Structures are given as structure tokens and as C-alpha cells.
Amino acid sequence: MERHLISLLRCPLRTCQFKQIHSLIITNCPSLVPVLLRALLGSSLIGYARKVFDKIPQPGHVLYNSLISSYTKLSLHKEAVRAFVLMHGGNVRLSCFTPPSVIKSCSSLLADDVGKQLHCLVVNYGLDSNVYVQTSLMDFYSKIGDLGSARKVFDGILVKDPVTYNSLISGYSRAREVVAARELFDSMTDKTVVSWNAMISCYANNGEFHEGLKIFERMLDSKCSPNEFTVVTLLSICAKLGDLEMGLRVKKYIDDNCLRVNKIVSTAILEMYVKCGAVDEARQEFDRMDDKDIVAWSAMIAGYAQNGRAIEALELFECMRSEHMKPNDVTLVSVSSACAQLASVEVSERIGLYIEGLDLVSNPYVASALLTMYSKCGSVSKARQLFSKLTRKDLACWNSMIGGLAVNGFAEDAIDHYEKMKEAGVEPDDITFVELLIGCTHAGLVELGLELFERMKSEHGLTPKIEHCSCIVDLYCRSGRLKEAYDFISRMEEKPNAVIWGTLLAAARTHTNIELAKTSVEKLLEQEPENAGNYVQFSNINASMGKWREASKVRNLMKCKSIQKPAAYSWIEMEDKVHKFLVGDTSHPATDEVYSIVDTLTVQSTWTVCDLESHLEFG
DNA sequence: ATAGGGTTAG
């Protein structure tokens with residue numbers, strides 16, 4: 001009977017079968033309760049196991065170990081710590097098998113105090129020379145960001161295996177201590193594939209992408225073969241660099257070496273294509289995947305949204321819903337951002353209603369994307385309503401709201417929110433000030449804008465970026481204060497860029513300040529010799545000054561450099577179709593009708609200089 | 001011990 005039950009407990013069993021065996025054990029051979037307990041723990045039936053455990057009169061350290069390590073494995077970290085407290089309070093002997101699990105749970109809980117107490121306990125019991133205990137302690141300190149203590153434990157380990165090193169390397173990586181990670185990595189004599197991967201991802205996660213690639217090259221030179229983890233990290237580096245060429249090399253490596261392409265690898269390939277702007281290739285990869293989980297859908301929808309292909313993003317979202325796939329917060333962020341691009345009140349409000357109904361606005365990413373969506377299509381009141389409902393408002397939420405108000409002409413309201421944001425204890429950042437300055441520009445509040453620019457530096461210790469300077473130039477320009485704009489540019493610490501000269505140029509032209517326009521366009525040509533638009537501007541300005549020879553020189557210059565002005569289409573969206581037109585275009589099916597209306601419009605309006613210029617042809 | 005998707009501006 002007893003032997004029979006033991007062998008039964010070795011088989012995979014359902015709960016009801018466990019119950020039958022359980023009753024047999026209670027009535028026939030109670031000594032088998034610990035065997036039953038371990039079988040239950042092995043089947044992850046932790047609740048049932050705990051009930052059995054609680055019936056055991058005085059469980060010893062071995063049973064406690066089994067219980068605690070199961071809690072840890074199932075990520076029930078608080079339970080693991082509670083069970084340990086129970087064990088310790090019951091004066092059960094402590095073996096070196098228990099602390100690693102509890103300490104691991106403390107790492108996951110980021111429970112600094114409990115973990116440190118455990119360390120003391122371990123030292124008092126003389127268990128701190130056990131390598132498993134040491135490794136878990138080192139891991140604990142590295143997870144809570146105390147790398148100094150982690151290092152002390154590490155140095156105290158007499159026989160270190162690669163796992164010990166790898167763990168500390170990833171600890172340094174998380175703590176952004178890249179140099180320390182590299183030193184440790186270099187000191188390793190027997191690097192495993194995990195060591196190489198950890199070092200590459202250390203560089204990747206700390207923004208040193210090219211260093212990461214260099215480690216990969218060295219890995220290839222050594223005899224260590226890259227695995228799936230390696231290529232995923234490499235692909236994410238290529239994505240961040242926008243380096244399609246390298247991305248394709250990694251893809252080729254995967255194919256040539258027949259690496260297993262799991263979901264994560266395919267998504268990483270997809271993402272690499274997306275971030276390199278190769279959206280159609282990304283879609284091909286997406287279509288090839290037979291098991292699409294939600295991450296792949298979200299990545300593909302984001303791919304369309306981030307590459308300005310809002311309609312396709314929304315189409316794929318519809319397709320996803322028709323396949324009964326449940327969207328999550330990440331999906332909805334991209335969907336909102338696609339709607340924001342469409343700037344259609346109807347679509348935005350429909351999607352907004354849907355998303356708000358899902359109760360996901362507690363996620364700040366979703367909230368800020370929605371706020372932007374409403375603002376972009378002018379539904380400021382919807383944005384305000386949503387904002388007032390938000391309980392968790394992070395920096396991006398405040399910025400979205402401030403930006404929404406600013407761009408829709410409510411500059412004072414935006415500033416009001418900036419004050420409220422500070423009261424709420426959220427520190428404004430450079431984006432906040434870009435938004436505020438834009439608000440002042442739109443409302444023509446020059447002095448207020450300049451004041452904010454000063455406060456940004458003095459009150460918040462932020463260094464103005466080129467974007468802020470650009471806003472100030474715009475602020476002066478729109479109020480016609482060209483001289484001050486020019487003086488500001490001359491005083492700027494950073495080198496003025498094309499956006500700034502472009503702003504000044506536009507203003508100089510509307511205020512017919514030909515000299516300033518000429519200066520600006522010359523600077524523009526210096527900075528962007530490949531931009532055909534600048535040559536057109538240069539020529540037009542010279543023409544308007546009567547300098548025809550200068551003007552015509554440009555055409556030859558463009559021919560020499562083989563620069564072509566890209567076709568500038570006008571387009572309009574009607575119902576769900578986009579109609580686009582080029583100058584002199586007669587390809588539209590309703591051309592006759594279109595031109596007859598254009599003719600009447602032309603008669604109605606008076607030609608302006610700008611209109612005429614836009615009809616000049618070059619190249 | 002190492003791996004994949006997202007928000008705010010210009």
C-alpha cells in the first residue's frame with residue numbers, strides 16, 4: 001500500500017486525484033504526508049500544499065525549505081518571507097538551503113530592511129561561507145542598487161563560478177556602472193555566452209550602442225557562439241541606431257546559423273525594421289509569424305503610427321479586434337497616437353470613448369496619449385474633462401495637457417497648469433517649457449514668454465536647448481520684432497540651426513525685410529546645402545530684389561549638385577479617401593470640375609507674392 | 001545570470 005501510494009505520487013495528478021490519495025494517506029499511512037506535500041508543491045498546487053503543511057505538528061527545516069522555495073519560484077514573495085518568519089519564530093534550525101530563497105524574494109520585493117536583517121542572521125549562524133547564500137546576497141544587493149555591498153560579498157566568495165560574475169555584471173549594468181561592469185567582464189577567464197550577452201546588453205541599456213557592437217565582434221572572434229539572447233539585444237541596438245544595414249547582418253546571422261526564431265526574436269526583427277523606417281518589411285515579418293501574441297500586434301501598430309501611417313495603424317487595430325485579440329495599454333497608446341495624427345474629431349472621440357471605457361487611463365502612458373489625441377483635433381474640453389478625472393498624473397500627462405492648452409490658444413490656462421503642476425510636486429522639464437513657450441507664441445505674449453524662459457533657467461536650473469531658443473526666435477518674429485530676434489540669435493550660446501534661420505526667414509519675408517531674408521537664406525544654404533527648398537527661397541528673394549542674375553545662378557548650382565526639389569503635393573481628405581494634387585496635375589478623375597472651381601476661386605482672390613512664388617518651377 | 005511593444009515638443 002505505502003509503496004503503491006509513493007509511486008502514484010510520482011505521476012502527474014489532478015487535484016481530485018490528490019484528494020483521493022490524501023484521504024488514503026490520512027487513514028492508512030500518515031507518515032507519507034511529507035511526500036504528499038512535496039508532490040503538491042511540485043504540481044504548483046501551493047494553496048492545497050499550505051493546508052497540508054499547516055496540519056503537520058512540528059515541520060522541520062526540510063519541509064520549511066520546500067514550502068519557502070516553492071513560494072519564491074511562484075513569485076509569491078511576500079508569502080515566502082512570511083513563511084520564513086514563521087519558521088524562525090518556531091525555532092526551527094536554519095540550514096544553508098533556506099536563506100537563498102528568502103533572500104531572492106527580498107530582492108524581488110526590493111525589501112531592503114528584511115534583506116539586510118537576513119544578511120546579519122546568516123552571518124550569526126555562520127552560513128555566510130556557503131556559495132549559494134553568498135550569491136543570493138550579492139544578487140540582493142545588486143538588485144537594490146547597493147553595488148558596494150554586492151561587491152564586498154562578491155570579493156568574499158572564494159570559489160567563484162561564471163554565474164557569480166555574470167550576476168554582478170548585470171548588477172553593475174542596472175546601476176549604470178558600465179566601467180565597473182567592463183572591468184569585471186575583462187577579468188573573467190572563462191566567459192560563458194551569458195557573460196557576453198550581459199556585457200552587450202549592459203552597453204545597450206546604457207546608450208553605448210557602438211561599444212555593444214564591438215563586444216559582439218570580439219565575441220565572434222572568440223570561440224563563443226551567439227544565441228537567441230545575443231541577437232535580440234543586437235537587433236534592439238540596430239533599432240535604436242536606426243542601422244538597417246547592421247540589422248540585416250544580424251538577420252542573416254540568424255538565418256545562416258539556424259537560430260531558433262521564437263516570438264521574442266521575431267518581434268525584435270520586426271521592431272528593428274520599424275525603427276529603421278522599413279515598415280513594409282516589418283509587416284512581412286509580422287505576417288510570417290504564426291503565433292502572434294499581443295506584443296507583436298502592438299509593435300506593428302506602433303510601427304505604422306510612428307512612421308506616419310495612421311490609417312494603416314487603425315486598420316491593423318480593427319483587424320486585431322476582429323481576431324478577438326484583447327488590446328492592452330501599450331496597444332492603446334499607439335492607437336491614440338495614430339488618431340492624434342489623423343486629427344479627426346469623429347474618430348478620436350469614438351476611440352477615446354472606447355479607451356476610457358476600458359478603464360486604462362490609470363496608466364499615465366495611455367492618459368497622456370489620449371490627452372494629446374483630444375488636443376490635436378481641437379477637443380480641448382474633452383482633454384480637460386479627462387485630465388480632471390486622472391488620479392495618477394505623471395510629467396508626461398502634465399506636459400500633454402499644458403501642450404494641448406498652449407497650442408489651442410489657451411496660453412494663460414497653460415501657465416496656470418504649470419503652477420498647479422509645481423504645487424502637485426511634479427518638476428517641469430524642458431518639454432514643459434517648449435509647450436509653454438509655444439503657448440506664448442500663439443497668443444503673442446512676448447514678455448510672458450521671455451519671463452518663462454528666464455524662470456526656466458533660474459528657478460528650475462534647466463539649460464535652454466536649441467528648441468527653446470527656436471521658440472524665443474519665433475516669439476519675437478511673430479510679433480514682428482525682427483531686430484530683437486536677430487540679436488537673440490547672435491547672442492545664442494549654441495550654434496543656430498536651420499529651424500531658427502528658417503523661422504527668421506519666414507518672418508523677414510512676411511514683413512518684407514529683404515536684407516534680413518537674404519542673410520537668413522544664406523545661413524540656411526550653408527547649413528543645408530542638400531535642401532532644394534533653400535535654393536528656391538534664395539532664388540525667389542534675389543528675384544524680388546531685382547537681382548535676376550543671382551536668381552538664375554541657383555538653377556545651375558542645383559543642376560551641378562544634382563539636387564531635385566521633391567514634388568510638393570496638396571491633398572485633402574474626403575470621407576475615407578485622400579485626394580492629392582500636383583501643380584498642373586490633370587490626373588484626378590474629376591479634373592475638369594476641379595479646375596473650373598479653381599478658376600472661380602482665382603478670380604475671387606487677389607494674387608499675393610507668396611501665391612506667385614509657389615508657382616515658380618525649378619530643377 | 002542575458003532578450004521583444006508605448007506617452008509629451010521641435
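Because only heavy atoms are used, hydrogens play no part in the values below, and waters and symmetry mates are left out as well, while side chains stay in. Just so we're clear, the structure is a prediction, and the values are computed from it rather than from any experiment. Convention: sequence-line order gives letters A, B, ...; per-chain numbering from 1.
Counting only heavy atoms from C-beta on, A/Ala369 has its side chain closest to B/dT7 among B/dT7, B/dT2, B/dA9. Candidate nucleotides B/dA3, B/dA9, B/dG5 were compared by shortest atom distance to the side chain of A/Thr331, and B/dG5 ranks first. With B/dG4, B/dA1, B/dA3 as the candidates, the nucleotide lying closest to the side chain of A/Lys104 is B/dA1. Closest approach to the A/Ser298 side chain among B/dG5, B/dA3, B/dT8 is made by B/dG5 (side chain taken as heavy atoms from C-beta onward). Listed nucleotides: B/dG4, B/dT7, B/dA3. Nearest to the side chain of A/Glu228: B/dA3. Listed candidates were B/dA9, B/dA3, B/dG5. Nearest to the side chain of A/Val232 is B/dA3.
Computed from coordinates, the A/Leu370 CG to B/dT8 P distance equals 11 Å when rounded to whole Å. Look at CG on A/Leu462: it is 20 Å from P on B/dT8, rounded to the nearest Å. As rounded to whole Å, 17 Å separates atom C1' of B/dA1 from atom CD of A/Gln134. One interatomic measurement links the two molecules: CE of A/Met456 to P of B/dA9, which rounds to 16 Å at whole-angstrom precision. Whole-Å rounding puts the A/Asn363 CG to B/dG5 C1' distance at 13 Å. With rounding to whole Å, A/Ile351 atom CD1 is found 17 Å from B/dT7 atom C1'. Regarding A/Ile237, its CD1 atom lies at a distance of 10 Å from the P atom of B/dG4, rounded to whole Å. Atom CD1 in A/Ile200 sits roughly 14 Å away from atom C1' in B/dA1 (whole-Å rounding).
Listed by first and then second residue, the salt bridge (Lys or Arg N to Asp or Glu O under 4.0 Å) pairs involving residues 168-179 of chain A amount to none (not counting sequence neighbours). Listed by first and then second residue, the salt bridge (Lys or Arg N to Asp or Glu O under 4.0 Å) pairs involving residues 246-257 of chain A are A/Glu217-A/Arg249, A/Lys251-A/Asp255, A/Lys252-A/Asp256 (not counting sequence neighbours). Residue pairs meeting the ring pair (Phe, Tyr, Trp, His ring centres under 6.0 Å) criterion with at least one member in residues 366-395 of chain A, sequence neighbours excluded, are A/Phe387-A/Trp398, A/Phe387-A/His417. For residues 389-410 of chain A, the set of pairs meeting the salt bridge (Lys or Arg N to Asp or Glu O under 4.0 Å) definition, not counting sequence neighbours, comprises A/Glu356-A/Lys389. Residue pairs meeting the salt bridge (Lys or Arg N to Asp or Glu O under 4.0 Å) criterion with at least one member in residues 295-317 of chain A, sequence neighbours excluded, are A/Asp280-A/Arg309, A/Arg309-A/Glu312. For the ring pair (Phe, Tyr, Trp, His ring centres under 6.0 Å) condition, the pairs that include at least one residue of residues 264-286 of chain A, sequence neighbours left out, are A/Phe286-A/Trp297.
Counting non-hydrogen atoms of other residues, nucleotides and ligands closer than 6.0 Å to OH of A/Tyr132 gives a total of 12 or fewer.
A side-chain N or O of A/Ser379 and one of A/Glu349 form a donor-acceptor pair less than 3.5 Å apart. Residues A/Asp139 and A/Ser136 have side chains that never bring a donor and an acceptor to within less than 3.5 angstrom of each other. With no hydrogens or angles considered, a side-chain donor-acceptor pair links A/Thr192 and A/Ser195 at under 3.5 Å. Donor-acceptor pairing under 3.5 Å is recorded for the side chains of A/Asp429 and A/Asn399.
Remark: A/Lys191 engages no residue in a side-chain hydrogen bond (donor to acceptor under 3.5 Å, both in side chains) (not counting sequence neighbours).
Against DNA chain B, the stretch residues 313-320 of chain A makes no heavy-atom approach under 4.0 Å. For the segment residues 146-172 of chain A, residues with any heavy atom less than 4.0 angstrom from an atom of DNA chain B are, sorted by number, A/Val163, A/Asn166, A/Ser170. Interface residues of residues 332-339 of chain A facing DNA chain B, ordered by number: A/Val333, A/Ser334; criterion, heavy-atom separation under 4.0 Å. Remark: A/Ile431, A/Val434 in residues 421-434 of chain A come within less than 4.0 Å of DNA chain B through at least one heavy atom. Remark: A/Ala396, A/Asn399, A/Ser400 in residues 378-417 of chain A come within less than 4.0 Å of DNA chain B through at least one heavy atom.
Checked by distance alone, A/Asp293 brings a side-chain donor or acceptor within 3.5 Å of a matching partner on the base of B/dG4. Judged by distance alone with a 3.5 Å cut-off, a donor-acceptor contact links the side chain of A/Asn262 to the base of B/dA3.
When ring centroids are compared, A/Phe154 and A/Tyr165 come within the 6.0 Å threshold. Taking the ring centroids of A/Phe216 and A/Trp196, they lie at or beyond the 6.0 Å cut-off. Between A/Tyr418 and A/Phe433, the distance separating the two ring centers is shorter than 6.0 angstrom. Between A/His210 and A/Tyr203, the gap from one ring centroid to the other reaches at least 6.0 Å.
Across all strands shown, A/Lys292 has no heavy atoms under 4.0 Å from either base or sugar-phosphate atoms. If you check every strand for non-hydrogen atoms under 4.0 Å, A/Ile294 touches a base. Residue A/Lys275 is classed as a sugar-phosphate contact, given heavy-atom separations below 4.0 Å to backbone atoms only. Using a 4.0 Å heavy-atom distance criterion, A/Asn227 is classed as making no nucleic acid contact.
A/Met188 has its side chain within reach of A/Asn166: a pair of non-hydrogen atoms, C-beta onward, lies under 4.5 Å apart. Using a 4.5 Å heavy-atom cutoff, the side chains of A/Thr135 and A/Pro100 are not in contact.
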